[in-house]
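As the structure is a prediction and not an experimental result, all values here were calculated from the model. Each chain gets a letter, A, B and so on, in the order its sequence line appears, and its residues count up from 1.
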Amino acid sequence: MDKRYDHKVKEAEVLKKWEDAKAFTADPKSGKKPYTIILPPPNASGKMHVGNVLMIAIEDLLIRWKRMKGYEALWVPGTDHAGFESQTTFERELRVKGKSRFDYDRDTFYKMMMEFVLSNKGQIEEQIRSMGASVDWTRYTFTLEEKSINTVVNTFKKMVNEGLIYRSDYVVNYSFKYGTTFSDAETVMKEQTDPLYYIKYGPLTVATVRPETKLGDTALAVNPRDERYKDYVGKEIVFEDVTGLNRLKVIADEYVDSAFGTGVLKVTPAHSKDDYEIGLRHGLEIKQVIGTDGKMTSLAGKYAGMKVLDCRAQIVEDLKKLGSLEKIDESYVHTVPVDYRTEDYIEQLVIPNWFVRVEELKKMALDVVKNGDVRIFPKWQEITYTRWVENMRDWAISRQIVWGIRVPAWYNVDENPDITVTFLAEGEVVRGQVSDLLRRYDLKEISSGLQSLTAPNNANYVISKESPGDRYLPETDTFDTWFSSGQWPLITLGYPDSEDFKYFYPTDVLETGWEIITRWVSRMIMFGCYLTGKAPFRDVYLHGRVMAIDGKKMSKSLGNVINPEEYQAEFGTDALRMGMISGTANGKDFAFPRDKVLAYRNFSNKIWNMARFLIMLVNEEGLTKKDLQDFKPWNLQRGTTDLEMYEGFKKLVNNVDKSLGKYRFSDAGDFIYHFMWDELASKYIEEVKVRENREDKINGLKNLAYIFSNCLKVLHPFMPFITEAVWGELIKEGLIKGRLLAKTEWPGV
RNA sequence: GGGCCUGUAGCUCAGCUGGUUAGAGCGUUCGGUUUACAUCCGAAAGGUCCCUGGUUCGAUCCCAGGCAGGCCCACCA
């Protein structure tokens with residue numbers, strides 16, 4: 001046995017052993033009880049971060065534990081195409097080469113993206129492997145492979161047939177920069193200071209930060225109880241506006257806060273969610289003055305074609321000339337929605353989108369949690385979940401990006417002459433209504449150069465994965481990432497009729513970071529309930545976010561990002577895994593526990609040396625294989641430290657089982673650490689080695705060998721590499737028989 | 001504006017349904033080559049458990065209020 005434990009060498013050897021033995025391939029015909037975890041798929045083109053390490057450490061711990069406890073344990077690995085994020089990264093690379101996505105048609109761009117992602121995909125897979133994750137690679141799934149697309153398309157079809165899908169003009173969060181819609185979950189509110197303009201509308205004055213949207217005003221609103229404006233309600237006011245003589249109706253709506261500004265609100269249904277809803281209540285016209293290109297539309301009259309901010313400046317000028325600008329409050333602080341990743345500006349726009357009606361799905365998703373079919377750990381996160389699901393509005397599932405699963409709709413160009421398309425014809429971007437374009441271009445030309453298509457809400461469409469005929473153009477929107485990843489447990493297990501699905505579904509635990517409980521967990525529960533009638537997992541365990549060593553959020557600009565590979569290389573994978581596990585207990589965010597990683601590196605060394613010493617003593621006393629393997633600790637004499645140690649070990653196993661059952665990972669780890677180090681090494685070994693009576697000493701050694709090797713089993717799910725390596729050494733020296741520790745049974749006590 | 005979480009040794013964190021000297025790792029101090037391990041062994045110092053009040057025989061743990069930090073949700077133009 002080597003004098004030192006060289007984790008780099010040993011980890012590689014152990015990995016090879018597991019792989020050669022195909023140790024983690026699960027069998028639905030095993031006849032055992034299944035235990036299943038689906039790995040939350042990391043970004044396929046990304047790199048592993050410390051959060052992934054914690055996730056893998058926890059899930060591997062559970063899986064290895066249950067596997068040893070006699071379950072047929074399945075852990076399904078996968079990677080995510082990460083629609084928006086990957087496309088953003090890729091476009092950044094294109095920009096370096098002086099290109100952009102507008103230089104390519106949709107199909108070409110998609111293929112380039114696929115190549116880009118596939119070329120990067122190996123890295124994260126290798127990193128998962130290097131962590132010692134006992135995943136079943138034979139079941140590896142990528143979110144954009146055929147299997148995934150088929151499931152998603154079928155689900156969509158079913159939802160369309162059951163009336164759960166509709167198309168609507170709806171105010172969505174739209175990013176001009178990325179040219180796509182964002183879901184509410186992808187935006188955050190940011191505080192900023194903007195001028196608040198007080199603008200005269202005839203006898204009334206309205207306060208607004210966005211004068212340019214006045215071009216889309218279709219009413220003025222006041223609170224029904226506001227005495228000041230009582231007489232105006234229901235009347236039409238006529239006034240000189242920047243576009244000439246204008247007339248607007250004054251309506252009364254509870255939404256209006258009399259205390260804000262002047263108590264009069266200009267209603268712009270096309271460019272504000274709230275106004276949109278007021279508009280619905282009062283049957284107001286929707287006048288869209290800002291287009292998806294970030295410029296004013298033709299409805300903006302003389303301002304058409306101007307960029308939003310230029311238009312704002314011009315309107316302010318024009319209002320001044322007109323004498324309609326009462327005053328400007330320069331220090332107005334308010335919150336605006338921005339892109340949660342980049343904090344980029346988000347515009348609220350009305351565009352046709354695909355929606356899911358969530359009323360029914362919400363109910364199912366709430367019920368399974370309320371009635372305890374799904375248990376959330378830590379328990380208090382249940383409140384976050386329930387509140388969010390209760391308040392969920394219909395879900396906009398279409399995204400105007402290429403990298404994702406295309407919404408499988410097709411439009412017949414003859415039936416829908418008014419769809420707008422953008423396509424590439426001999427290097428030129430052409431945009432227009434399809435009926436016009438068909439006079440100049442062949443449909444094949446449009447189809448092959450297609451970049452994007454916008455169909456009106458009432459367009460006829462056919463749902464199909466492949467083109468239904470010659471005269472069709474495809475929808476170019478793709479699904480929101482969460483629409484497909486919400487079906488991940490179903491996709492990976494081969495819903496609806498595979499052997500795996502029947503045996504392994506529903507899964508046992510979903511383990512992930514709390515920050516995606518709303519975005520992801522809720523959607524998985526919805527889809528699981530909707531499609532199978534059962535929630536996709538029994539327990540949800542939410543871990544906290546790993547902060548930098550200084551306790552702050554990791555960020556490149558602060559330079560405090562922790563690269564797990566460095567720790568893996570320096571301290572060993574086991575130490576990194578267990579250090580992180582023992583650094584957190586109840587799902588709270590926590591600072592990266594560097595000291596704990598160090599402590600468990602030392603622990604690895606301790607274990608290695610305990611084994612060396614044990615082997616040395618055994619050889620010294622000339623104990624044979626038979627001596628050791630025939631040893632029965634339950635025959636030990638009462639009142640001896642030997643029996644005491646054995647009892648201590650039994651208690652340890654008990655404590656570990658209990659803690660793991662309650663998802664108290666760090667407790668379980670602490671129990672083992674202290675038993676092995678303080679009890680077994682510092683007390684027991686020290687005591688046995690100086691025993692005078694040879695028979696006592698031999699008995700002690702037998703017992704020591706027994707307890708130590710069984711401790712390796714209990715420690716294995718936490719620190720799989722060193723335990724497997726030492727286990728191999730014990731076999732080699734004849735102290736135990738067996739083969740792989742990973743496939744050994746948990747000690748029965 | 002609503003809601004959630006946190007505040008325990010120098011640092012990072014445990015402390016399960018309230019009960020004798022409040023724990024761990026790291027750090028600090030002192031002392032150690034005794035059949036493995038200096039990534040080790042032995043010992044020690046270090047805490048008004050954020051503050052105030054309440055419930056209780058008894059509170060770090062329960063309740064109320066406050067202070068401080070973090071997060072989530074929300075339509076105030």
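One P atom belongs to U39(B), the other to A45(B), and the distance between them is 26 Å to the nearest Å. Nucleotides C62(B) and C49(B) have their C1' atoms positioned 16 Å apart, rounded to a whole Å. When the C1' atom is compared between G23(B) and C67(B), the two are found 28 Å apart, to the nearest whole Å. Taking atom C1' on both nucleotides, G3(B) is separated from A74(B) by 10 Å, rounded to a whole Å. Atom C1' of C5(B) sits at a distance of 23 Å from the matching atom of A9(B), rounded to the whole Å. G19(B) and U56(B) are spaced 12 Å apart, taking the C1' atom of each and rounding to whole Å.
Across all strands, Tyr332(A) comes closer than 4.0 Å only to sugar-phosphate atoms, never to a base (heavy-atom distances). Residue-level contact check: Glu515(A) touches neither bases nor backbone, having no heavy atom under 4.0 Å from any strand. Ala207(A) comes within 4.0 angstrom of a base, heavy atoms only. Backbone-only contact: Arg664(A) has heavy atoms under 4.0 Å from sugar-phosphate atoms and none from a base. Using a 4.0 Å heavy-atom criterion, one finds that Asp257(A) contacts the bases of the nucleic acid, with or without backbone contacts as well. Across all strands, Val256(A) comes closer than 4.0 Å to base atoms (heavy-atom distances). At a threshold of 4.0 angstrom between heavy atoms, the contacts of Arg601(A) include nucleobase atoms, whether or not backbone atoms are also involved. Residue contacts shown for Asp275(A) are absent, as no nucleic acid heavy atom lies under 4.0 Å away. Phe590(A) comes within 4.0 angstrom of the backbone, heavy atoms only, and of no base. Within the nucleic acid shown, Glu620(A) comes within 4.0 Å of at least one base atom, counting heavy atoms only. Residue contacts for Lys683(A): at a heavy-atom cut-off of 4.0 Å it reaches no nucleic acid atom on any strand shown.
Searching all strands for a Watson-Crick or G-U wobble partner of G25(B) with both distances below 3.5 Å returns C11(B). Using Watson-Crick or G-U wobble geometry with both donor-acceptor distances under 3.5 Å, G18(B) finds no partner in any strand shown. When Watson-Crick and G-U wobble pairs are counted only if both distances are under 3.5 Å, U48(B) pairs with no nucleotide at all. With a cut-off of 3.5 Å on both Watson-Crick or G-U wobble distances, the partner of U55(B) is given as none. A74(B) is unpaired under the criterion used here, namely a Watson-Crick or G-U wobble arrangement in which both key atom distances are under 3.5 Å. Pair check for G42(B) finds C30(B); Watson-Crick or G-U wobble, both atom distances under 3.5 Å.
In this structure, the CG atom of Leu730(A) is 19 Å from the P atom of A36(B), given to the nearest Å. Taking atom CZ on Arg387(A) and atom P on C4(B), their separation rounds to 8 Å, with Å as the unit. Note: OH (Tyr673(A)) to C1' (A24(B)) measures 8 Å, nearest angstrom. If you measure from atom OH of Tyr255(A) to atom P of G1(B), you get 17 Å, rounded to the nearest angstrom. Protein atom CD1 of Ile685(A) is 15 Å distant from nucleotide atom P of C40(B), rounded to whole Å. For the pair Lys379(A) NZ and G3(B) P, the computed distance is 20 Å after rounding to whole Å. Rounded to an integer number of Å, the gap from Ile516(A) CD1 to C72(B) P is 14 Å. Spacing between atom CD of Gln381(A) and atom C1' of C4(B) amounts to 8 Å, rounded to whole angstrom units.
In the set C4(B), C26(B), C73(B), C26(B) carries the atom at the smallest distance from any side-chain atom of Asp595(A). Counting only heavy atoms from C-beta on, Asn605(A) has its side chain closest to C40(B) among C40(B), C5(B), U35(B). Among A77(B), C37(B), G25(B), the nucleotide with an atom closest to any side-chain atom of Lys596(A) is G25(B).
A salt bridge between Glu277(A) and Lys273(A) is absent, with no side-chain N of the basic residue lying under 4.0 Å from a carboxylate O of the acidic one. Here Glu620(A) does not pair with Lys689(A) in a salt bridge; the nearest charged N to carboxylate O distance is not below 4.0 Å.
Between the Asp217(A) side chain and the Ala219(A) main chain, no donor and acceptor come within less than 3.5 Å of each other. A donor-acceptor pair under 3.5 Å links the side-chain atoms of Asn703(A) to the main chain of Asp642(A), judged by distance alone.
The local environment of CZ in Arg4(A) is sparse, with at most 12 non-hydrogen atoms from other residues, nucleotides or ligands closer than 6.0 Å. At most 12 non-hydrogen atoms from other residues, nucleotides or ligands lie less than 6.0 angstrom from CD of Glu695(A).
Below the 3.5 angstrom threshold, one finds no donor paired with an acceptor across the side chain of Lys662(A) and the base of U17(B). Judged by atom type and distance alone, Lys606(A) reaches the base of C37(B) through a side-chain donor-acceptor pair under 3.5 Å.
Both Lys3(A) and Met547(A) sit near RNA chain B, but only Lys3(A) has its closest nucleotide nearer the 5' end. Residue Asn602(A) is the one, among Asn602(A) and Thr262(A), whose nearest nucleotide of RNA chain B lies closer to the 5' end (criterion: closest heavy atom).
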Margin query: Before you tell me yes or no, could you show the steps for Glu621(A) and Lys702(A) under salt bridge (Lys or Arg N to Asp or Glu O under 4.0 Å), namely the whole-Å CA-CA distance, both residues' side-chain angles and the distance that decides it to 0.1 Å?
Written below: CA-CA 11 Å; Glu621(A) 295 299 333; Lys702(A) 288 181 187 169; over 6 Å; no
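Using cut-offs of 30° and 60° for the angle between ring planes, the Trp677(A) and Phe603(A) rings count as parallel.
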